[in-house]
Amino acid sequence: MTKNNDISRCNVIVGASTVMGAAILPSAAVAQNDQASVDAFYRGQKYTYCDAKILAHFWGTDEWSAKIGAGEMLLQRQERDLKDKLRNAASRWSQDGKSCGFEDMDNPIYSYDDAAALAAFWGGGMTPYDAKMKIVLNVEGGGNHWVVSELAKAR
């Protein structure tokens, strides 16, 4: 079940202006606010394009709008709520047979060398391919920050 009310402005963009509270903002101001929300989404290397895909699927919207909605939640200091929504969204994502690809891990953009370094760090005969899959599985569960931390240790 899609909850359109989970994203406050996602579905209110109309023509050249958007209604926010009682104010009507011209499209340039909306674009600026949207970019600030997207910047908040990517700040701190906690969230990735994969998270945006998962939230978009859950909210019934596109990835850009999901980044904006999630970024607005972060700007409003609702990170706990966002994590809960992402956890629920990831569960549905998995139940629906969907998955992210290694290329969806974009905060930072992970390389083959990163996967090789993590494979060596994690040991147990892990190959770079195995490390890529472990990165994807962890990021899909909201664990990009953990992957970034592990990569820092591996280097």
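Quick caveat, the model's predicted, so the values are computed rather than measured.
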Nearest heavy-atom neighbours spanning [X] and [Y]:
X: Glu72; Y: Ser37; result: CG-OG, 3.2 Å
X: Gly71; Y: Ala40; result: O-CB, 3.9 Å
X: Pro128; Y: Ala119; result: N-CB, 3.8 Å
X: Ala115; Y: Ala131; result: O-CB, 3.2 Å

Would you compute the distance between atom [atom1] of [X] and atom [atom2] of [Y] and round it to the nearest 0.5 angstrom?
X: Glu140; Y: Ile135; atom1: CD; atom2: CD1; result: 12.5 Å
X: Phe58; Y: Arg87; atom1: CZ; atom2: CZ; result: 11.5 Å
X: Arg43; Y: Leu75; atom1: CZ; atom2: CG; result: 6.5 Å
X: Leu86; Y: Asp81; atom1: CG; atom2: CG; result: 12.5 Å

Do [X] and [Y] land in one hydrophobic cluster if side-chain heavy atoms of ILVMFWY residues count as linked below 4.5 Å?
X: Ile54; Y: Trp59; result: yes
X: Trp93; Y: Val147; result: no
X: Met126; Y: Trp146; result: yes
X: Phe121; Y: Tyr129; result: no
X: Met133; Y: Val139; result: no

Do [X] and [Y] touch side chain to side chain, with heavy atoms closer than 4.5 Å?
X: Tyr47; Y: Lys67; answer: no
X: Leu118; Y: Lys134; answer: no
X: Thr48; Y: Asp104; answer: no
X: Leu82; Y: Leu55; answer: yes

- prompt: Going by atom types only, do Asn88 and Ser91 share a side-chain donor-acceptor pair under 3.5 Å?
  reply: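 No pair is found: no donor N or O on one side chain lies under 3.5 Å from an acceptor on the other.
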
message: salt bridge (charged side-chain N to carboxylate O under 4.0 Å, His left out) for Arg155 and Asp114? Distances and angles first, verdict last.
response: CA-CA 9 Å; Arg155 291 181 176 156; Asp114 295 333; 2.7 Å; yes

Under the disulfide bond (SG atoms under 2.5 Å apart) rule, what pairs show up with a residue in [range], not counting sequence neighbours?
range: residues 53-84; result: none
range: residues 66-95; result: none
range: residues 56-124; result: Cys50-Cys100

message: My understanding is that only one of Thr61, Asp62, Val38 makes a side chain to side chain contact (heavy atoms under 4.5 Å, CB included) with Ile68; could you say which?
response: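 Answer after filtering Thr61, Asp62, Val38: Val38.
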
query: Checking side-chain contact (heavy atoms from CB on, under 4.5 Å) for the pair Gln45/Asn107: CA distance, chi angles, key distance, verdict?
result: CA-CA 5 Å; Gln45 296 183 320; Asn107 191 18; 3.6 Å; yes

- prompt: Within the side chain of Asp130, is there an N or O that forms a donor-acceptor pair under 3.5 Å with the backbone of Thr127?
  reply: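 Yes; judged by distance alone, with no hydrogens or angles, the pair exists.
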
message: Which residues pass the side-chain hydrogen bond (donor to acceptor under 3.5 Å, both in side chains) test with Ser94, not counting sequence neighbours?
response: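 side-chain hydrogen bond (donor to acceptor under 3.5 Å, both in side chains) list for Ser94, sorted by chain: empty.
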
field: Non-neighbouring partners of Tyr49 that pass side-chain hydrogen bond (donor to acceptor under 3.5 Å, both in side chains), sequence neighbours left out
entry: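 Applying side-chain hydrogen bond (donor to acceptor under 3.5 Å, both in side chains) to Tyr49 gives none.
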
- prompt: Could you give all pairs that pass the ring pair (Phe, Tyr, Trp, His ring centres under 6.0 Å) test and reach residues 98-117, with sequence neighbours left out?
  reply: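 Found none.
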
field: Trace of the side-chain contact (heavy atoms from CB on, under 4.5 Å) decision for Lys98 with Lys53
entry: CA-CA 10 Å; Lys98 302 210 175 268; Lys53 285 174 70 170; over 6 Å; no

